[in-house]
Amino acid sequence: MLNGKKIREIRKRLGYTARDVEILTKNVKYGTSISKSYLEELERGDKKNPSFEKIEVLANVLCCKLDDLVLSVEGL
């Protein structure tokens with residue numbers, strides 16, 4: 001499962017708004033984008049299991065590892 005709190009923490013540490021992430025993910029090289037509302041749902045925990053592609057794009061945009069965005073077993 002995705003760790004929405006961690007996503008928000010990393011995003012804010014980088015100084016990005018949800019809209020910034022949306023704009024950055026619209027880059028053609030990613031092949032998929034993440035809307036502001038979808039990101040906010042992920043961060044709130046309303047969406048828990050996005051596609052691998054979306055997690056990969058988030059990790060790239062947030063300059064972190066995939067593991068940083070996923071809840072560990074201890075985190076459950």
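Computed from a prediction, not measured in an experiment: that's the story for all the values here. Computed over heavy atoms, backbone and side chain alike; hydrogens, waters and symmetry mates excluded.
A donor-acceptor pair under 3.5 Å links the side-chain atoms of Lys54 to the main chain of Ser33, judged by distance alone. The backbone N or O of Leu24 lies less than 3.5 Å from no partner atom in the side chain of Asn27, so there is not a single donor-acceptor pair.
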Between Leu58 and Ile10, does the side-chain contact (heavy atoms from CB on, under 4.5 Å) criterion hold? Intermediate values first, please. CA-CA 10 Å; Leu58 269 177; Ile10 294 169; over 6 Å; no
Can you list the steps and then say if Glu9 with Lys5 is a salt bridge (Lys or Arg N to Asp or Glu O under 4.0 Å)? CA-CA 6 Å; Glu9 176 187 312; Lys5 289 179 184 178; over 6 Å; no
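Residues passing the side-chain hydrogen bond (donor to acceptor under 3.5 Å, both in side chains) test with Glu40, sequence neighbours excluded: Lys36. Scored by the side chain to side chain contact (heavy atoms under 4.5 Å, CB included) test, Ile23 finds Arg19 as partners (sequence neighbours excluded). With sequence neighbours excluded, the residues that form a side chain to side chain contact (heavy atoms under 4.5 Å, CB included) with Asp46 are Glu41, Arg44.
In this structure, Leu42 CG and Ile7 CD1 are separated by 5.5 Å, a value rounded to the nearest 0.5 Å. Interatomic distance, Asn3 CG to Asp68 CG, rounded to the nearest 0.5 Å: 10.0 Å.
Taking both residues in full, the closest heavy atoms of Ile34 and Val57 are given as CD1-CG1, 4.2 Å, listed atom of the first, atom of the second, then distance. Heavy-atom minimum distance, Val61 versus Tyr16: O-CE1, 3.6 Å. Across Leu69 and Ile55, no two heavy atoms sit closer than the pair CD1-O, 3.9 Å. In terms of heavy atoms, Arg11 sits closest to Val21 at CD-CG2, 3.7 Å. Closest non-hydrogen pair, Ala18 versus Leu39, comes out as CA-CD2, 3.8 Å. Nearest heavy atoms, Met1 versus Asn49: CG-OD1, 3.7 Å.
Annotation for Glu53: atom CD does not count as buried by contact number, only 12 or fewer foreign heavy atoms lying within 6.0 Å.
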